[in-house]
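Below: one structure, written as structure tokens.
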Amino acid sequence: MADLIDTDFYQIEELLSEEERLVRDVARRFVDEEFLPRVQQCFREGSFPMELVPRLAELGFLGVTVPTEYGGAGMSSVVYGLISQELERGDSGLRSFASVQSSLVMYPILTFGSEEQKKFWLPRLARAEAIGCFGLTEPDFGSNPGGMITRARRENGGYLLNGTKRWITNGSISDVAVVWAKLEEDGTDVIRGFLVEKERAGFTRQNIEGKFSFRASVTSELIFEDCWIPEDNLLPKSGGLKSPLMCLTQARYGISWGATGAAIACYECAVDYAQNRKMFSRPIGGYQLVQAKLVTMLTEITKAQLLAYRLGRLKDAGKMRPDQVSMAKMNNVSTALHTTRLARDILGGNGITDEYPIIRHLLNLETVNTYEGTEDIHRLTLGRYITGLSAFE
Ligand code: TGC
Ligand code: FAD
């Protein structure tokens with residue numbers, strides 16, 4: 001079906017290098033042959049397919065842009081984007097697993113870690129011998145992470161952590177958590193990053209149950225009660241809210257490609273359905289109102305692809321700015337959500353069953369629109385960029 005339905009309306013394929021296409025095709029095959037046959041059951045059960053994690057590592061999808069000297073694939077951000085797009089064509093939970101490991105765990109260790117931390121953790125994370133998670137959000141501090149109450153206090157040559165992190169992807173399956181906490185330095189509280197191994201006394205995790213979105217993904221709460229970690233577990237170059245926000249910029253970049261993958265999956269399904277489903281005297285794809293919906297979907301997908309592609313080239317050239325990422329994350333996720341709702345509508349009653357991928361993507365995209373900065377937070381970030389006036393104060 002995918003070969004017959006054009007989802008590259010503006011011929012972006014021509015702008016990709018041979019290597020970029022090759023890696024994209026590997027990701028596409030992995031999703032089609034190994035992931036999609038499992039996803040319905042995972043979503044029903046509420047489980048993540050852990051057995052595929054070694055394959056993600058083997059294919060080089062964990063730490064795509066991390067230098068090879070630290071075990072990463074050393075490839076471009078456009079390659080990372082293309083992989084994210086393919087993984088999320090499978091499921092947002094699959095892309096999230098790779099995003100968290102690469103952008104929210106390996107990136108902060110690479111950027112803020114000591115040489116010892118990089119040499120120890122990065123190759124293990126790339127080989128999936130260790131799984132990581134990123135703890136920024138708290139029960140009462142989501143959109144405003146700067147208000148966090150998790151604290152680190154110097155004690156016995158290390159730090160004592162206290163606080164709770166909520167909504168943490170991969171939390172209970174991780175070997176190491178990158179945890180953001182306030183530390184008093186010269187009379188001022190400064191946000192610093194800490195590495196907390198799962199075995200540390202005073203560190204407990206519990207899964208968040210009852211999710212109707214991201215069912216094929218693990219989401220947890222992390223609780224720190226007098227959890228002592230050694231001095232060496234501080235990410236020495238982290239400092240201020242800017243450090244976790246820099247990590248979010250990396251992950252949001254991947255999301256702007258990924259959400260488009262989910263929209264493509266739903267569009268392909270809707271076109272196929274519209275061509276074959278007969279109501280009244282002919283296929284529903286022959287009715288003007290259905291065509292209008294398909295046109296909106298393809299137009300939004302094409303615009304999103306162009307935003308993501310250009311953002312990727314800017315990133316690889318070292319010119320990408322966080323506000324540009326905000327625009328792509330905001331636009332590409334909200335249009336993917338709109339596209340997916342239109343696809344759901346075209347399938348009528350069949351659109352609400354998991355026989356088709358649409359309702360699963362639609363439910364997932366509700367989360368993607370919220371996490372990594374809600375649609376409105378990115379709108380306000382851009383509003384601040386345009387006017388120079390902050391709506392956050
Ligand atoms: P603000 O004054 O704007 O910023 C503080 C400092 O950070 C700098 N900065 C950034 N740097 C890099 N990338 C960005 N995106 C940045 N945004 C801001 C800024 O220049 C400043 O630097 P400096 O040198 O002046 O100190 O801080 P604020 O308190 O006003 O907050 C602004 C706001 C609301 C935009 C920010 O807090 C925010 O982004 N809120 C949303 C929170 C969020 O996205 N949480 C995500 C948690 S992780 C997650 O959801 C993972 S999901 C799993 C997956 O990805 O698959
Ligand atoms: P709130 O901040 O309470 O927002 C609620 C509503 O208020 C939103 O509509 C928002 O736009 C609006 N709002 C807030 N402030 C303003 C304002 N100033 N002006 C106008 N409107 C405003 N976090 C992590 O740290 N690590 C993870 O791995 C992670 N994974 C996640 C996985 C899942 C499945 C989910 C659902 C969340 C995850 N998160 C993670 C948390 C996610 O980043 C937060 O949910 C998100 O940042 C929003 O925070 P909140 O849920 O507290 O909503």
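Keep in mind it's a predicted model, so treat the numbers as computed, not measured. When a residue number appears, it is its place in the shown sequence, counting from 1. Atoms within each ligand, like the ligands themselves, are counted from 1 in listed order.
By the neighbour-count criterion of 12 heavy atoms within 6.0 Å, atom CE of M327 is sparsely surrounded, having that number or fewer from other residues, nucleotides or ligands. Under a cut-off of 6.0 angstrom, the local environment of CD1 in I352 is sparse, with at most 12 non-hydrogen atoms contributed by other residues, nucleotides or ligands.
For a threshold of 3.5 Å applied to N or O pairs, the pair formed by I377 and ligand 2 contains no separation below that value. At least one N or O atom of S143 sits closer than 3.5 Å to an N or O atom of ligand 2. Among the atoms of A391, none of the N or O lies under 3.5 angstrom from an N or O of ligand 2. No N or O atom of Y371 sits closer than 3.5 Å to an N or O atom of ligand 2. Any N or O atom pair closer than 3.5 Å counts here, and T219 shares no such pair with ligand 2. Below 3.5 Å of separation, one finds no N or O of N144 facing any N or O of ligand 2.
Under the 4.5 Å side-chain heavy-atom criterion for grouping Ile, Leu, Val, Met, Phe, Trp and Tyr, L87 is connected to W257 within one hydrophobic cluster. Under the 4.5 Å side-chain contact rule for hydrophobic residues, W167 and V179 do not share a cluster.
Every atom of ligand 2 with a heavy atom of D376 under 4.0 Å away is listed here by number and element: 11 (O). Near I168, meaning under 4.0 Å from one of its heavy atoms, ligand 2 places the atoms 24 (C), 25 (O), 26 (N), 27 (C), 28 (O). Shown in contact with E372 at under 4.0 Å from a heavy atom are these atoms of ligand 2, numbered in order with element: 43 (O). Close approach to L136 involves these atoms of ligand 2, each under 4.0 Å from a residue heavy atom: 25 (O). The ligand atoms of ligand 2 that sit less than 4.0 angstrom from a heavy atom of G142 are 2 (O), 47 (O), 49 (O), 50 (P), 52 (O).
Residue contacts with ligand 2, taken as heavy atom pairs separated by less than 4.0 Å, do not involve K211 at all. Of all the heavy atoms of T367, the ones lying under 4.0 Å from any atom of ligand 2 belong exclusively to the side chain. Residue-level proximity to ligand 2 for T374 is carried by the side chain, the only part with a heavy atom below 4.0 angstrom. Only the side chain of L380 comes within 4.0 Å of ligand 2, judged by heavy-atom distances.
Partners of F224 according to the ring pair (Phe, Tyr, Trp, His ring centres under 6.0 Å) rule, which considers only residues two or more places apart in sequence or in another chain, are F203. Considering only residues two or more places apart in sequence or on other chains, D226 meets the salt bridge (Lys or Arg N to Asp or Glu O under 4.0 Å) condition with none of them. Applying the side chain to side chain contact (heavy atoms under 4.5 Å, CB included) test to L342 and every residue at least two apart in sequence or in another chain returns K293, T296, M297, H338.
For atom 3 (O) of ligand 2, the nearest protein heavy atom lies 4.0 Å or farther away. The presence of a protein heavy atom under 4.0 Å from atom 37 (C) of ligand 2 is confirmed. Protein heavy atoms are found less than 4.0 angstrom from atom 49 (O) of ligand 2. In this structure, atom 11 (O) of ligand 2 has a protein heavy-atom contact shorter than 4.0 Å. At least one protein heavy atom sits closer than 4.0 Å to atom 41 (C) of ligand 2. Within a 4.0 Å radius of atom 24 (C) of ligand 2, the protein contributes one or more non-hydrogen atoms. In this structure, atom 30 (N) of ligand 2 has a protein heavy-atom contact shorter than 4.0 Å.
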Check your understanding: Going through the distances and angles, do Y273 and I284 end up as a side chain to side chain contact (heavy atoms under 4.5 Å, CB included)?
Key -> CA-CA 8 Å; Y273 193 88; I284 58 170; 4.2 Å; yes
Practice item. Determine, step by step, whether S326 and Y385 satisfy the side chain to side chain donor-acceptor pair (under 3.5 Å) criterion, reporting the C-alpha distance in whole Å, the side-chain angles of both residues, the deciding distance to 0.1 Å, and the verdict. Key: CA-CA 11 Å; S326 277; Y385 171 79; over 6 Å; no
Exercise for review: Kindly determine whether R166 and D140 satisfy salt bridge (charged side-chain N to carboxylate O under 4.0 Å, His left out), including the steps that lead there.
Suggested key: CA-CA 9 Å; R166 188 162 165 81; D140 294 324; over 6 Å; no
Practice item. Please lay out, stage by stage, how L136 and W180 fare under the test side chain to side chain contact (heavy atoms under 4.5 Å, CB included). Key: CA-CA 6 Å; L136 179 65; W180 300 94; 3.9 Å; yes
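Remark: minimum distance from atom 26 (N) of ligand 2 to any protein heavy atom is reached at F134 O, 2.9 Å. Of all protein heavy atoms, the one closest to atom 28 (O) of ligand 2 is T169 N, 2.9 Å. Of the protein's non-hydrogen atoms, T370 O, 3.5 Å is the one closest to atom 46 (C) of ligand 2. Here the heavy atom of the protein found nearest to atom 39 (N) of ligand 2 is W167 O, 3.1 Å.
Here E34 pairs with R55 in a salt bridge; the nearest charged N to carboxylate O distance falls below 4.0 Å. Salt-bridge annotation for R151 and D189: present, with a side-chain N of the basic residue lying under 4.0 Å from a carboxylate O of the acidic one. Remark: R341 engages E366 in a salt bridge, criterion side-chain N to carboxylate O under 4.0 Å.
With hydrogens and angles ignored, the 3.5 Å screen pairs a side-chain donor or acceptor of D8 with a backbone N or O of I12. With hydrogens and angles disregarded, no donor-acceptor distance shorter than 3.5 Å links the side chain of N350 to the backbone of Y356. Between the side chain of S238 and the backbone N or O of L235 there is at least one donor-acceptor pair closer than 3.5 Å.
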Exercise answer, ligand 1 polar atom pairs (N/O) under 3.5 angstrom:
residue, atom, partner, partner atom, Å
ligand 1, 3 (O), R384, NH1, 3.1
ligand 1, 3 (O), R384, NH2, 2.8
ligand 1, 13 (N), L245, O, 3.3
ligand 1, 13 (N), T249, OG1, 2.7
ligand 1, 15 (N), T249, OG1, 2.9
ligand 1, 39 (O), R252, NH2, 3.0
ligand 1, 40 (N), S143, O, 2.9
ligand 1, 44 (O), R252, NH2, 2.7
ligand 1, 44 (O), G373, N, 2.7
ligand 1, 50 (O), E372, N, 3.0
ligand 1, 55 (O), E372, OE2, 2.7
ligand 1, 56 (O), R95, NH1, 3.3
ligand 1, 56 (O), S96, OG, 2.5
ligand 1, 56 (O), Y371, OH, 3.0

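Between F48 and F97, the ring planes are parallel. Angles under 30° get that label, and only those over 60° would be called perpendicular.
The cationic atom of R124 (NZ for Lys, CZ for Arg) lies less than 6.0 Å from the six-membered ring centre of F120 and within 45° of the ring axis.
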